[in-house]
Amino acid sequence: MKKIVISTGGGDAPGLNAVIYAVVHACYRRGWEVFGSRSGYKGLLDRDELYRLQLKDVEDIYSTGGTILGSTNKGNPFAMPFENLAGEVKIIDVSDKIMKNFDRMGFDCHIAIGGDGSLEIAHRFSEKGMPVVGVPKTIDNDLEATDRTFGFDTAVSTATEALDKLHSTAKSHDRVMVVEVMGRDSGWIALYSGISGGADVILIPEVPFAMQKVCEKIMENELHEKNYSIVVVAEGAVAAGGKVVSKEGGELGRSEPLLGGIGDWVAQEVRERTGKDTRSLVLGHLQRGGSPTTFDRLLAMRFGAAAVRLVEEGVFGHMVALKSPHMGSVPLAEAIKSRKKVNLNSDKVFTAREIGICLGD
Ligand code: F6P
């Protein structure tokens with residue numbers, strides 16, 4: 001009999017609930033108990049934020065977006081914002097308290113579902129002696145140690161569908177539509193959706209871009225009597241010699257800057273340089289919402305079941321990882337070492353270039 005606590009941390013991604021579903025079912029078959037910790041580690045700080053997950057709690061959640069446990073990207077227990085009675089906000093370390101509560105509550109293992117930030121926290125707990133198994137999630141697909149993270153396929157589908165819809169309005173008005181998509185410092189969402197959604201230009205962080213090249217492509221379209229263009233810009237894309245565009249004023253307790261604004265900037269440049277009617281839009285959190293695609297559901301469930309197998313085998317301090325077609329695991333220390341970038345010598349980048357998509361270089 002084992003007692004497991006499960007949490008979801010960082011930005012949500014479609015498929016989180018499917019992992020929870022798989023973990024609860026796989027544990028039930030083994031006669032183990034599962035508890036859910038709300039909003040990351042809150043349940044290990046406050047008993048009211050912890051609850052037993054029974055089969056009925058997860059009955060049909062595998063097809064739903066979001067996370068039934070809630071999530072936060074400001075809940076790092078090693079650096080948590082805390083407001084004292086005088087209203088002063090201080091950053092404090094509550095990790096020892098969490099370690100004590102984990103033992104006191106009689107848990108055998110923690111299954112931490114998260115992106116690189118949450119997995120780094122899980123790794124630090126593992127180093128403190130907590131038996132931890134990590135499950136990789138992020139729409140950004142930027143974890144090097146796994147072929148795929150769940151959430152990515154859904155985000156790409158959402159972005160592709162948006163591009164499909166933008167074609168008709170762009171064409172009706174002879175406009176340039178600039179679409180900013182998520183992905184942080186990696187261009188996966190932009191590249192996959194841009195190719196699949198018939199973009200003329202795709203700008204990704206891995207390729208510093210020149211506005212002149214972007215505008216040349218837009219004007220070249222006119223030679224073929226195509227008077228509109230679709231430009232996909234990853235939020236972390238950077239103009240050659242420029243810097244990443246992010247929102248002013250960081251949120252307390254947040255480890256990453258909040259990216260955004262490059263789409264507007266590109267649209268403004270296109271307007272001024274080509275004289276074409278240009279609009280920009282930010283797809284934003286739409287990409288994180290909705291029901292996970294079949295691919296993401298299946299991957300999430302495979303991750304959940306594999307995580308429970310690791311617990312059974314006593315393999316802790318590891319993250320489950322897809323090494324297609326196999327499901328395996330890697331030490332957390334390795335999993336958080338580097339972020340996965342788009343390989344410029346890969347077939348997808350070649351495909352983009354060969355079908356005439358401008359990458360801004
Ligand atoms: O990491 C997932 C992600 O959606 C990024 O693509 C994006 O930059 C960031 O999270 C947005 O964070 P928030 O939900 O705090 O706005």
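Atoms within a ligand are numbered from 1 in the order they appear, just like the ligands themselves.
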Centroid-centroid distance, Phe125 to Phe316, less than 6.0 Å: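 Ring-ring flag for Phe125/Phe316: false, centres at least 6.0 Å apart.
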Give a yes/no on ligand 1: does Leu258 have at least one heavy atom closer than 4.0 angstrom to it? yes
Quick one: does Glu256 get a heavy atom under 4.0 Å from ligand 1? no
I'd like the name of whichever of Glu235, Arg184, Lys137 reaches closest to atom 7 (C) of ligand 1 through any heavy atom. Glu235
I'd like to know if the side chain of Thr154 and the backbone of Thr293 have a donor-acceptor N/O pair within less than 3.5 Å.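 Yes.
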Here the atoms of ligand 1 under 4.0 Å from any heavy atom belonging to His285 are 13 (P), 14 (O), 16 (O)
Think Lys226 forms a cation-pi with Tyr228, using NZ or CZ under 6.0 Å from the six-ring centre and within 45 degrees of its axis?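 Because its charged atom sits under 6.0 Å from the ring centre and within 45° of the axis, Lys226 does stack over Tyr228.
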Cation over ring, Lys137 on Phe150, under 6.0 Å and within 45°?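 No, a cation-pi geometry is absent between Lys137 and Phe150.
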Only pairs at least two apart or in different chains count here, so list each salt bridge (Lys or Arg N to Asp or Glu O under 4.0 Å) that has a residue in residues 232-244.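 Residue pairs passing salt bridge (Lys or Arg N to Asp or Glu O under 4.0 Å), neighbours aside: none found.
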Can you list the other members of the hydrophobic cluster that holds Val244, where links are side-chain heavy atoms under 4.5 angstrom apart?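 Besides Val244, the cluster holds Val238, Leu259.
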What part of Leu259 sits under 4.0 Å from ligand 1 if we count only heavy atoms: the side chain, the backbone, both or neither? neither
Checking contacts here: is it the side chain or the backbone of Arg288 that comes within 4.0 Å of ligand 1, counting heavy atoms only? Could be both or neither.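 Arg288 to ligand 1: side-chain contact only, backbone stays beyond 4.0 Å.
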Min N/O separation Gly183 to ligand 1 under 3.5 Å: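 Indeed, backbone or side chain, Gly183 has an N or O that close.
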